[in-house]
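In what follows, residues are counted from 1 in the order of the sequence shown.
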Amino acid sequence: MGEEGKKIGLALSGGGYRAAAYHIGTLRALHSLGILDKVDVMSSISGGSIIAAYYALHKDEFGEFEKSFRCKLRVGVIGSVFVILLAEIVLVLWGHVKLIKWMLDDNSLCECGKIIILIVASILILLLIVFLLHKILPTSGWIEKFYALWFFRCKRMGTLPKSPIVAMNATDVEQNRLFTFSQIKMDAGKRYAEGYFKKDEIPISLAVMASSAYPLLAPVKIPRRYINEPNTISPILSDGGIYDNQGAHKLTENGDYHADYIIVSDAGNTVMDRKGTWNVVSLLRKVSNMMMNRIEKMQRREYLFLQKKYVVKKDDDTYPHYAYAVLEWLPAEKDYVNRFIMNVSKELVPQAVCECHGLDKAIVAQIIDNDAAAWQIAKDRVEEHIGWEELYASQPDEETIQRAKGVSTGLSSLSKKKINALVDCAEWMTKVQVRLYMPELVPNE
């Protein structure tokens, strides 16, 4: 970016359709701030990958992009695929019913034998259903077909524009690390050499499906027709959120995806409760969400700590600066300006950011010493610089916030009200966080 050559990265978190709708607001905020066209890399997970790829294909006209993508979210993947999956299950169960009827009519079998056969048959039927949904007619395969037709019109990775780089992340189950699809390369560390995959021929829908293959769905395997070397391994891929549900990790690594300014749009809103804890499927989902939520919190702390260690303490501006726009941080009564000054007092904010807000080293030192007068002066200056009064007045109301937080993850269709609530919350939060933590990116008005 500019003469310094610094890059801007945008991390779009996972969270199914909720995340996809939330990220519309983030993109809209960055567009209005004059930053979106300067973004160099988009690193995405799951629902974030749906909108990242869709935006890259329609980025030349933002208004049309937003309008069409909102319409896409009104049609759910699950509803469209459910009929096919139901047909598979019904077919198997029909065979099971026929078997039971045959046993009941067969007088040559004793009652004990009938019970044993029924138990064994039931187990086999269950295994057959799982086999059908994961191997023969996998759920992920049907969802990928929906992605291809509904969102991407069967386009391939080679059709993505050169900028921004879209890095869609899945989890390589075998290696326990991220596997990244992008228009410049496909890799999981250094395991796959350049040219190993026919990256330009791979469908965008396949990359998005791999990124969003929730653990309860069948994992994704890259077909051998997209691998240049015959008789070689093909990675087994699952949801990128297993490894990094924020999407920020790829932007911190040295290399093609590294960014100096990292804006994280996080639609995470994990609320743990007792509901469904006696249901195996619900419990597995809760455990998965709990692990992802824990990883997210650890990442935030790690990034802030390293920012303090390198950017603030050592004045090393090569380490990325962060701005988080997190759904669960709403509402605004938390007073984000006070929180910003608190972070200054904890030495978590780079001096370059402080100076943009009119806070020189002297006043920062006083804030660190908990000088109440300096704290108030800093608060007044920051509020004036970011236009806090106007921002506060435009914040989403409580009903909108609760509606946005009430949207569950998944691929079910979203109503217009839910989409609007998520967009409004993300747009407001992004404007506040970027103005606070990355004022150097916002053009002077």
Side-chain angles (χ1 to χ4, degrees), residues 10 12-24 26-27 36 39 41-81 84 138-170 179-186 197-214 217-223 225-226 237-241 247 410-414 419:
L10 175 59
L12 302 176
S13 77
Y17 269 22
R18 179 181 71 192
Y22 185 80
H23 300 325
I24 295 174
T26 298
L27 295 179
L36 186 57
V39 171
V41 185
M42 287 185 174
S43 176
S44 60
I45 302 290
S46 189
S49 293
I50 298 175
I51 188 172
Y54 193 86
Y55 167 75
L57 293 171
H58 302 83
K59 71 185 186 72
D60 293 332
E61 180 49 59
F62 186 84
E64 287 300 316
F65 148 73
E66 180 179 344
K67 181 180 178 181
S68 62
F69 191 70
R70 281 172 174 263
C71 291
K72 299 293 183 184
L73 296 181
R74 300 292 302 278
V75 177
V77 177
I78 298 301
S80 303
V81 176
I84 299 172
T139 49
S140 55
W142 290 112
I143 294 174
E144 183 201 334
K145 288 178 174 60
F146 179 90
Y147 284 159
L149 296 172
W150 186 240
F151 286 105
F152 309 116
R153 297 186 178 180
C154 301
K155 291 187 177 180
R156 300 178 182 273
M157 294 294 294
T159 63
L160 290 172
K162 292 184 178 180
S163 179
I165 296 173
V166 180
M168 292 174 279
N169 300 291
F179 184 98
T180 304
F181 295 82
S182 78
Q183 58 267 63
I184 58 172
K185 63 180 179 180
M186 290 172 54
F197 298 100
K198 301 175 182 177
K199 64 177 182 61
D200 290 343
E201 298 179 19
I202 290 180
I204 295 174
S205 57
L206 177 65
V208 174
M209 184 62 247
S211 181
S212 58
Y214 195 77
L217 299 176
V220 173
K221 191 173 182 181
I222 298 177
R225 62 180 177 275
Y226 300 125
L237 308 174
S238 189
D239 195 308
L411 299 173
S412 300
S413 61
L414 297 181
I419 294 173

Least distance between heavy atoms, [X] atom then [Y] atom:
X    : Y    : result
R18  : L414 : N-CD1, 4.3 Å
Y17  : S412 : CD2-O, 3.0 Å
F65  : H58  : CB-O, 3.6 Å
K59  : P164 : CD-CD, 3.8 Å
A213 : S238 : O-OG, 3.1 Å
A53  : L160 : O-CD2, 4.2 Å

Side chain proximity check, [X] to [Y], heavy atoms < 4.5 angstrom:
X    : Y    : answer
I45  : L12  : no
M157 : M168 : yes
Y147 : P203 : no
P219 : L237 : no
S46  : D239 : yes
M186 : I202 : yes
L411 : Y214 : no
F62  : Y55  : yes

Check side chain to side chain donor-acceptor pair (under 3.5 Å) between S49 and all other residues, then give those that pass, not counting sequence neighbours.
-> S44, S211
Please name all residues satisfying side chain to side chain donor-acceptor pair (under 3.5 Å) with T26, sequence neighbours left out, ordered by chain then number.
-> S265, T430
Please confirm whether the backbone N or O of I24 pairs with a side-chain atom of E66, one donor and one acceptor, at under 3.5 Å?
-> no
Any donor-acceptor N/O pair, S43 side chain to G247 backbone, under 3.5 Å |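 Between the backbone of G247 and the side chain of S43 there is a qualifying donor-acceptor contact (under 3.5 Å).
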Spacing of [X] atom [atom1] and [Y] atom [atom2] [to the nearest 0.5 Å]:
X    : Y    : atom1 : atom2 : value
K199 : K185 : NZ    : NZ    : 11.0 Å
T159 : R153 : OG1   : CZ    : 12.5 Å
I204 : I50  : CD1   : CD1   : 13.0 Å
L73  : C71  : CG    : SG    : 9.0 Å
L206 : I222 : CG    : CD1   : 6.0 Å
K145 : M209 : NZ    : CE    : 11.5 Å

Carefully, step by step, assess S140 and V220 under the rule side chain to side chain contact (heavy atoms under 4.5 Å, CB included).
-> CA-CA 7 Å; S140 55; V220 173; 4.3 Å; yes
Do S13 and Y22 have side-chain atoms, one donor and one acceptor, less than 3.5 Å apart?
-> no
Does any donor atom in the side chain of Y54 or S68 lie under 3.5 Å from an acceptor atom in the other side chain?
-> yes
Walk me through it: do E144 and S205 pass the test side chain to side chain contact (heavy atoms under 4.5 Å, CB included)?
-> CA-CA 6 Å; E144 183 201 334; S205 57; 3.6 Å; yes
Go through the steps for I165 and S182 under the test side chain to side chain contact (heavy atoms under 4.5 Å, CB included), then give the verdict.
-> CA-CA 7 Å; I165 296 173; S182 78; 4.2 Å; yes
For the ring pair F146 and F152, is the centre-to-centre distance below 6.0 Å?
-> no
